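Both counts, for ligands and for their atoms, begin at 1 and track the order of listing. Quick caveat: nothing in here was measured; it's all calculated off a predicted structure. Each residue takes its place number in the sequence, starting with 1. Note that these values count all heavy atoms, side chains included, but never hydrogens, waters or copies made by symmetry.
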Amino acid sequence: MTDLNAPGLAERLESVRSRVAAAATASGRSPSDITTIVVTKFHPASLISELHSLGVHDVGENRHQEAQAKAAELSDLDLRWHFVGQVQGKKAKQIRSYADVIHSVDRSSLVDSLASSESTVDCFIQVNLTDDAARGGVAEPELDQLVESVLAADGLRLLGLMAVAPLDEEPRRAFARVRQLGERVRSLAPDASLLSMGMSHDFEDAIAEGATHLRIGTAITGNRPVHG
Ligand SMILES: *Cc1c(COP(=O)(O)O)cnc(C)c1O
């Protein structure tokens with residue numbers, strides 16, 4: 001049964017928007033410098049339509065087949081599709097065909113698969129802040145080399161860095177590390193100054209450390225449907 005007192009989608013979106021604005025202001029930043037991407041994985045396309053009618057233009061997905069189907073179904077809406085999941089090399093070209101921004105470039109072989117002489121796609125390099133290689137993202141010692149390979153590739157425009165805060169570290173400290181790595185990237189690629197970091201439970205910390213792109217799921221969408 002639906003709990004009639006539970007806040008709905010519009011209320012949750014509004015609440016996140018005001019928290020984003022408050023956190024930006026508290027850090028002396030302009031809320032307009034921060035893009036909130038609503039991560040809609042596991043939710044139906046109808047939820048994305050609803051978000052669109054509430055003024056959302058940036059949506060994030062992490063699984064290729066699901067993202068591809070939703071992007072096709074909603075192709076008449078002006079949405080920007082952000083791919084935030086791990087990219088398999090053999091799916092790279094397909095993901096590139098509907099994604100406006102790929103947040104998870106994490107290895108040179110993927111750069112080769114994504115390169116194109118016909119069009120340009122925006123991308124972030126994902127950095128792994130843990131010691132667990134399975135979590136996705138390039139290890140810090142290999143970051144500079146990956147930056148160079150993105151810069152050398154045709155058809156990729158490097159926006160900056162993406163990261164997920166580890167479970168065992170205070171998010172604010174983790175995001176401060178990303179900010180520092182971002183400065184290093186900027187010394188190699190002056191235009192790559194953006195930071196994709198901050199999720200439902202840590203976006204205020206991310207804003208305090210300079211996040212420009214937040215990837216927020218459940219705080220806006222509510223719990224994800226069970227899948228199997
Ligand atoms: C699912 C997901 C998010 C959003 O997570 P929430 O905790 O629901 O806000 C952000 N980034 C990535 C890479 C994700 O896979």
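For the residues Ala219, Gly60, Ser200, the heavy atom positioned nearest atom 9 (O) of ligand 1 is part of Ser200. Distances from atom 15 (O) of ligand 1 to the heavy atoms of His82, Lys41, Glu61 show the closest one on Lys41.
Atom 5 (O) of ligand 1 has as its closest protein heavy atom Met199 CE, 3.5 Å. Looking at atom 11 (N) of ligand 1, its nearest protein heavy atom turns out to be Arg215 NE, 2.9 Å.
There is a side-chain donor-acceptor pair under 3.5 Å between Asp58 and His82.
Of all the atoms in ligand 1, the ones that sit under 4.0 Å from a non-hydrogen atom of Val84 are 12 (C), 13 (C). Residue Arg224 has at least one heavy-atom neighbour below 4.0 Å for each of these atoms of ligand 1: 1 (C), 8 (O). Close contacts between ligand 1 and Ile216 involve ligand atoms 9 (O) [criterion: under 4.0 Å to a heavy atom].
Side-chain atoms of Arg96 never come within 3.5 Å of backbone atoms of Ile102 as a donor-acceptor pair (strictly under, hydrogens ignored). In this structure a side-chain-to-backbone donor-acceptor pair under 3.5 Å is missing from Thr218 to Asn223.
If you look at His64 and Phe83, their ring centroids are not closer than 6.0 Å.
Look at Lys70 and Glu61 and you find a salt bridge, because one of the NZ, NE, NH1 or NH2 atoms lies within 4.0 Å of a carboxylate O, short of that distance. A salt bridge is absent between Glu209 and Arg177: the closest approach of a Lys/Arg side-chain nitrogen to an acidic carboxylate oxygen does not fall below 4.0 angstrom.
Using a 4.0 Å cut-off between heavy atoms, Val39 contacts ligand 1 through its side chain alone, with no backbone atom that close.
Inclusion of His201 in the set of residues having an N or O under 3.5 Å from an N or O of ligand 1 is not warranted.
Between His103 and ligand 1 there is no heavy-atom distance shorter than 4.0 Å.
Only one option out of Val105, Val150, Asp122 pairs with Leu158 in a side-chain contact (heavy atoms from CB on, under 4.5 Å); it is Val150.
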